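Following: one structure in C-alpha cells, then a few remarks.
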Amino acid sequence: MRRSAYFLPTLKETPSEAQIVSHRLMLRAGMIRQASAGIYSWLPLGFRVLKNIERIVREEQDAAGCQEILMPTIQSADLWKQSGRYEDYGKEMLRIEDRHGREMLYGPTNEELITDIFKSAVKSYRDLPKLLYHIQWKFRDEVRPRFGIMRGREFLMKDSYSFDLDYEGAKEAYNKMFVAYLRTFARMDLKAIPMEADTGPIGGNLSHEFIILADTGESEVYCNRDFVDFDVLGSDVEYRDVEGLATIVDHFTSLYACTDEKHDAAEFERRVPEDRRHVGRGIEVGHIFYFGDKYSAPLGAFVTKPDDSQVAVHMGSYGIGVSRLAGAIIEASHDAAGIVWPESIAPFKVGLINLKAGDADCTRVCEEIYGQLRGAGIEVLYDDSEERGGAKFAEMDLIGLPWQLVVGPRGIKQGVVELKQRRGGDRQELSSESALARLTA
RNA sequence: CGGGGAGUAGCUCAGCCUGGUAGAGCACUACGUUCGGGACGUAGGGGCCGGAGGUUCGAAUCCUCUCUCCCCGACCA
C-alpha cells in the first residue's frame with residue numbers, strides 16, 4: 001500500500017477525551033474514530049489489526065475442533081423471556097421495537113439463540129459433543145463506556161458454546177477451550193493468565209478469566225508471580241488427547257490466581273510465598289464458563305440417552321473480546337514513540353520509507369524494493385509521500401510496524417539501506433538485497 | 001445511577017468573570033527556502049461559538065431549559 005493513497009489520518013496531538021495509552025495511540029495512529037459514546041468506526045489501519053486478531057482467534061478455534069457459524073445481532077425477546085434473562089439483564093440490554101410492535105433486542109451474548117438452534121437439530125446423545133462459535137458484534141448498554149474500544153458499548157466478541165451429555169464431557173470441552181485460549185493469546189505475544197473468576201449474569205460454577213497484567217486494567221487481580229515465567233505452549237497440541245489437555249490445564253491452574261470476586265486473602269497467603277505474591281490490575285481478554293443446564297433446561301434442549309431417558313445438555317460458553325484485544329495488545333506493547341505491534345497482529349509487516357520522494361535514485365530503489373516485497377507476499381506500507389524525513393520516522397514509529405526499511409540519498413551513495421526493528425530500535429545498514437532476504441526469510 | 005468537568009476551525013486550546021460584529025498553535029492550500037528523527041518564511045482558505053428559548057439597542061460572553069461528550073465511583077467481554 002502506498003502511503004500517499006492510504007486513508008491514514010494520524011494525529012500529532014492527542015484528542016482530549018483519551019485517557020489511557022491504548023486509546024490515545026489508536027486515535028493518533030488513525031485506527032479508530034469515535035461515532036458516539038462507546039461506539040467506534042474502524043479505519044483501514046485499525047481494521048487490518050482487528051482482522052488479524054480475528055484470524056488468529058478463528059484459526060485456534062478451528063484447530064480445537066470448534067465450528068464457525070454466524071448468528072444475527074438482532075434477536076427476538078421471546079427466547080430471553082424463556083430463559084428469564086429478559087428481566088435479569090436489566091438496562092444493559094438494548095431493547096428495540098420493530099414496526100409491528102414486536103420486542104427485539106441487540107444481542108449482548110448468544111446463549112439463548114444458540115441453545116434454540118441446537119435443540120431444534122439435536123435429539124440424541126449420539127450427536128454429542130458439539131462445539132460451535134461465532135465472531136459477531138455485541139451491544140451492551142454500559143452505564144459508563146470508557147477507555148476507547150476497551151470498554152465500548154458495541155464490541156466484537158468471539159463466543160463459543162459447548163454441548164455435552166454430562167459434566168465429564170463438558171469438562172473436556174472446557175479444557176479444550178482453556179488450551180485454545182492459551183495458544184490464541186500466546187500467538188499475540190500476550191501473557192494472559194487464567195484466573196479463577198466469578199460467573200456474573202451468565203451463571204454457572206466453573207469459570208476462568210484470561211487476564212493480561214496491566215496497570216490500566218479494570219480488574220483487581222491476585223496471583224503468583226511465577227505465572228509470568230510460565231512457558232508458552234508449543235505448537236503441537238493434540239486436542240483428542242483428553243489426558244494431555246487435562247495435564248496442561250492442571251499445570252496452568254496449579255498456582256494461585258484469582259480475580260477480586262474470588263480472592264481469598266487467607267488462601268493467597270497460605271499458597272503463595274510472600275515474595276511471589278502479585279497484587280495488581282489486569283485486562284480481561286477472555287472468559288470461559290461451564291454452566292450445566294442453566295439454559296438447556298428452561299429452553300428445553302434435551303437429548304435422549306442410551307437408556308431412552310431425557311437429559312438437558314451440559315453447556316459451557318467461551319468468550320474472547322476481539323475488539324478489546326486491539327487495545328489490550330497496545331497496552332502491553334508500546335513505548336514513548338507509539339505502538340509496537342507483535343508481528344502476528346501488525347497491520348503491515350514492513351514500513352518502507354522513501355526519505356526523499358523527489359529524488360530519482362531513492363524513488364527507483366524504493367519502487368524496486370516495494371515490488372519485490374509485494375511479490376514475495378509481504379505486507380508493506382510504502383511511504384512515498386512528500387513529507388520530510390523526520391515526519392515519516394515519527395509516523396512510522398507511531399503506527400508501530402515491526403520493520404522499517406529506510407531508503408535515503410546518503411545510504412544510496414554507499415549502496416545500502418537501513419533496516420530498523422521497531423521493537424528495541426536495532427538498526428543496521430545493509431544492501432537492499434540482504435534487507436529483502438531478511439524480510440522475506 | 002450518584003458526584004465532578006467540558007462543548008468555540010479537522011486537532012489542542014484562549015476569549016466568557018467585566019456583553020460591542022471571532023483568536024492562537026498545529027493541520028490544510030499556494031509560492032519560496034529547506035530536507036537522515038514531527039523545518040522556516042510569505043500569502044490564503046476554513047466557524048449559524050452544541051441546540052432551543054429568554055434578557056438586552058446588541059449575546060460565544062448573562063439567565064432558563066435541553067442535548068452530547070469526558071472524568072471519579074457503583075456495574076461489566
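These numbers come from a predicted model, not from an experiment. The chains referred to below are lettered A, B, ... by the order of the sequence lines, with proteins before strands, and numbering in each begins at 1.
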Please report, to 0.1 Å, the donor-acceptor pairs under 3.5 Å made by any side chain of residues 24-36 of chain A, with sequence neighbours excluded.
{"from": "A/Arg24", "atom 1": "NH1", "to": "A/Gln19", "atom 2": "O", "distance (Å)": "3.0"}
{"from": "A/Arg28", "atom 1": "NH1", "to": "A/Leu11", "atom 2": "O", "distance (Å)": "3.1"}
{"from": "A/Arg28", "atom 1": "NH1", "to": "A/Lys12", "atom 2": "O", "distance (Å)": "3.3"}
{"from": "A/Gln34", "atom 1": "NE2", "to": "A/Ser36", "atom 2": "O", "distance (Å)": "3.3"}

message: Under a 3.5 Å threshold, yes or no: a donor from one side chain and an acceptor from the other, between A/Arg277 and A/Tyr256?
response: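 No, no side-chain donor-acceptor contact under 3.5 Å.
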
Using a cut-off of under 3.5 Å, enumerate the N/O to N/O pairs linking the protein to nucleotides 9-13 of chain B.
{"from": "B/rC11", "atom 1": "O2", "to": "A/Glu13", "atom 2": "OE1", "distance (Å)": "3.2"}
{"from": "B/rU12", "atom 1": "OP1", "to": "A/Ser16", "atom 2": "N", "distance (Å)": "2.5"}
{"from": "B/rU12", "atom 1": "OP1", "to": "A/Ser16", "atom 2": "OG", "distance (Å)": "3.3"}
{"from": "B/rC13", "atom 1": "OP2", "to": "A/Ser16", "atom 2": "OG", "distance (Å)": "3.3"}

query: Does the side chain of A/Glu418 reach to within under 4.5 Å of the side chain of A/Leu405, using non-hydrogen atoms?
result: no

According to a strict under-4.0 Å criterion, is [X] in side-chain N/O contact with OP1 or OP2 of [N]?
| X | N | value |
| --- | --- | --- |
| A/Arg144 | B/rC71 | yes |
| A/Arg388 | B/rA39 | yes |
| A/Gln19 | B/rC72 | no |

- prompt: What is the pairing partner of B/rC26, taking Watson-Crick or G-U wobble pairs with both distances under 3.5 Å in any strand?
  reply: B/rG10

With a 3.5 Å cut-off and sequence neighbours excluded, list the donor-acceptor pairs that the side chains of residues 434-441 of chain A form with protein atoms.
{"from": "A/Ser434", "atom 1": "OG", "to": "A/Ser431", "atom 2": "OG", "distance (Å)": "2.5"}
{"from": "A/Arg438", "atom 1": "NH1", "to": "A/Gln428", "atom 2": "OE1", "distance (Å)": "3.4"}
{"from": "A/Thr440", "atom 1": "OG1", "to": "A/Leu436", "atom 2": "O", "distance (Å)": "2.7"}

- prompt: How about A/His208 and A/Phe210: are their ring centres within less than 6.0 Å of each other?
  reply: no

message: Are there over 12 heavy-atom neighbours, none belonging to A/Asp215, within less than 6.0 Å of that residue's CG?
response: no

query: Is the ring of A/Phe155 stacked on the base of B/rA77, with centres less than 5.5 Å apart and planes under 30° off?
result: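 Given the distance and angle limits, yes, they stack.
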
